[in-house]
Every structure is written in structure tokens, then in C-alpha cells.
S.K.: 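Below are the C-alpha cells for one structure; questions will follow.
A quick note: this is a predicted structure, and the numbers were derived from the prediction, not measured.
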Amino acid sequence: MIRICLGFGALGLVVAMVVAVLPVSASAAESKPLNLITSPLPINLETAPGTPAATELKVKQNSGEDARLKVSLMKFGAFGEDGRPRLYDRGPGDEYFDWVKFDKTTFAAPNNVWQTVRMTINVPKSAAFGYYYAVVFSREGDDVRQSGNTNAINGGSAVLVLLDAKSPGAKKQVTADALISKRGVYEFLPASFDVKLRNTGNIHVIPHGNIFITKGKKQIATINLNEEQGNILPGSKRIYPVEWTDSFPHFEKVVENGKVKLDKNNKPVMHLVWSNGMSKEIKPHLRMGRYTAHLFAVYDDGKRDIPIEAKVSFWVIPWRLLLGLVVTLALASVGVYTIGRGAWRRLFRRKGRRT
């Protein structure tokens, strides 16, 4: 029995570019830019060796005029640790490309009309572990391939399909390399963390869970990990960035003309926000002191959920507020001392005159 798992927004490994639509190549400069929307998002297929797997892919183009589209096939792997897929052309030994059949490889695509392409994978009995396809949609006649290995498609859009040919030797295993706080001391939130995980098995894995923020024995906040259901491919590492933002005041990224403003080092420009933007019923929180982030995540090894744990401590010290408070208290103390000293002297003068 084939089990098809459609990940809605799944696979953080590819979420940054699965439906990426890039400018058309120079060879197609005479045509209007091709804007493509694909559905569903990344697909997870599971089947036993010797049993076919199939799924439907939907694509719609919004270039403003009718077009003809073509379907082609690439493969993908991990690109660094930030979740981007790396696309490859077929190479020697990639016989699993021959397993794939489409009910149509070219077709008319009227503007703003969904088209359906059925993909069938005739999985042989010799198949084992994972196979990772990138189904590319592009305008017929356009050259969408970039030179060399890349994570970009020039003038097209790709849907990633992950096939798990379940076999007795399949091994799902993830280890936690580290839970890292990007700073030891923060003036204000957000506090940023990197969850570094490694797939030491031979099948893609989807970890999920939470990071619990505690102060002493008290739990302060809960942060979800991998809400996009991002996979880690076999033999690769993956960094999941996580932020704790529940604070008042807090830093936010500066946005200009709908884009995040970057400094000369290509890092986001931040500004301090004093308005919590919350309803009056929610009290603002000034974070200060030593906190600990506890990672509690799990992954399914095919039989049960396996836990992953790690923790890291950090400080939040709003030093400017504290400095302002110290200065204010110092000035207030000087004022009280000056007023008290003057009053004391006047009191003694009056007593001296009476005697």
C-alpha cells in the first residue's frame, strides 16, 4: 500500500526555493517573463520496493498570455547548512531517473489556468532508501539550466519530490551537534539560537519539537522548532535558526520599501521598538537575568519517536536602562542630600538663635 505524504509548507530544506520563480534567460528575452505557481509544495512519497508510487503536480502560469510549458527532471541534494537544495543534472549511475514517467511532458498552458501533470515512479524491487527528484516546469524552448551545480533555475520553477523506498536496511537517525546562542549576553531580545542537527542515517528525516525558555525553575516561553517540517537529507547537516522575541522593549529589523535594510556587512539593520504592539490585556515583559534554552525535539525512526535534547544558557542585561536608572537614582540621591543638608543647617541656625 502506497502512502503519500503531502507536506503543506513542508520541507524547510526547500521552502526557500521550491516555488522559486526567477527571471527568464537571455535566450527567451523576446517573451514575457514567465511567472509560475506550483502545487502542492514539496512532496514526500513512501512505497515498498517493487511497488509504483504516483502523485499529481499542478502548475499555473501568470505571464498575461497563453504559453506552452515543458516538464523536465533534475535531482537535488543539500546545499550548505541553511536549508537550500542544490540542483544537479542527471549523472552517471542515476538509473532512478528512468523510473519516472509523466502523463505529458509538454502541454498548452492558458494564462491563469491550473494544469495537472501526473508523475508515476515505477520503483523496482532493487530500490532502497531515498531518491530525491526536482520536477522542473518551464516554457517550451527555453533553456532553464544554469552552468555547474546550482540552487537556481533560470526562468522556471521546481517542485521537489522525496521518495522513500522502504527497505529492511533503512535507517533514520539524527544527532544534535549543538544548540548555540548567537550571543552570551543580549541587551534586549530577540535572543537568537542555532539548532544544529546531523542526519547520520540513510533516509531523510523531519525533526520537530520545542525550545523551552526557563529562568531558574520557572518556564518563561515556548518556541516551536521546524514548523515548516523541513527535512534533513542523509549524510548532511542542517541548521534551524530560532528566535525568542517575547520582550518589551525589543529590537526589530528595519524595513524600507518592503525589504529588510542591510548594513555594509550585509547584516539586517535593527532598531529598538518601545511599543509592544499587543492588546492592553497582555502585559509587556522586560527581560533581565540569566535564562536557559532547553531543546526537546523528536524524529520518527519508523517505529517510534526518538528524542533529541540540548540546552544553552545566556544573559539578558538591558544595560542602558540600568545605567539610566543608576544615573537617575544618583541624581535623586544628590538632590535629596542637598535638600536635606540645607534643611538641617537651617534647623540648627534657628536653634542657635533661640539659645
S.K.: Do Gln61 and Ser63 meet the criterion of a side-chain donor-acceptor pair at a distance under 3.5 Å?
M.R.: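 The criterion, which ignores hydrogens and geometry beyond distance, is satisfied for Ser63 and Gln61.
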S.K.: Quick one: list whatever passes salt bridge (Lys or Arg N to Asp or Glu O under 4.0 Å) with Arg68, sequence neighbours left out.
M.R.: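 Scan of Arg68 (salt bridge (Lys or Arg N to Asp or Glu O under 4.0 Å), adjacent residues dropped) gives Glu140.
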S.K.: Using a 4.5 Å cut-off on heavy atoms from C-beta on, say whether the side chain of Ser39 contacts that of Val59.
M.R.: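 No, their side chains stay 4.5 Å or more apart.
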S.K.: Find out whether His285 and Ile220 are in side-chain contact, i.e. whether some heavy atom of one side chain is under 4.5 Å from a heavy atom of the other.
M.R.: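 His285 does not reach Ile220 side chain to side chain.
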S.K.: For residues Ile317 and Tyr186: do they belong to one hydrophobic cluster (side chain heavy atoms under 4.5 Å, members Ile, Leu, Val, Met, Phe, Trp, Tyr)?
M.R.: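 No, Ile317 and Tyr186 fall in different hydrophobic clusters.
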S.K.: Considering non-hydrogen atoms only, spot the tightest contact between Phe137 and Leu36 and give its length.
M.R.: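 Taking Phe137 first and Leu36 second, the nearest heavy atoms are O-CD1, 3.4 Å.
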S.K.: How are the rings of Tyr291 and Trp244 set relative to one another: parallel (under 30°), tilted (30 to 60°) or perpendicular (over 60°)?
M.R.: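 Correct class here is perpendicular.
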S.K.: Taking NZ, NE, NH1 and NH2 as the nitrogens, is one of them in Asp94 or Lys75 under 4.0 Å from a carboxylate oxygen of the other?
M.R.: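 So Asp94 pairs with Lys75 through a salt bridge.
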S.K.: Over 60° means perpendicular and under 30° means parallel, so tell me whether Phe97 and Tyr133 are parallel, tilted or perpendicular.
M.R.: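 Rings of Phe97 and Tyr133: tilted, as their planes differ by 30° to 60°.
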S.K.: So, His250 versus Thr245: side-chain donor-acceptor pair below 3.5 Å or not?
M.R.: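 Judged by distance alone, the side chains do not pair up.
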S.K.: With rounding to the nearest 0.5 Å, note down the distance linking CD1 in Ile308 to CG in Leu295.
M.R.: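 It is 7.0 Å, given to the nearest 0.5 Å.
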S.K.: State which residues pass salt bridge (Lys or Arg N to Asp or Glu O under 4.0 Å) with Asp98; sequence neighbours excluded, sorted by chain then number.
M.R.: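 Testing Asp98 for salt bridge (Lys or Arg N to Asp or Glu O under 4.0 Å), a comparison that skips the adjacent residues, returns Arg90.
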S.K.: Apart from Leu329 itself, what residues make up its hydrophobic cluster, given side-chain heavy atom links below 4.5 Å?
M.R.: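 Cluster partners of Leu329: Leu325.
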S.K.: Taking the side chain from Asp142 and the backbone from Gly156, do they hold a donor-acceptor pair closer than 3.5 Å?
M.R.: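 Not at all, since once roles are kept as given, no pair shorter than 3.5 Å links the two residues.
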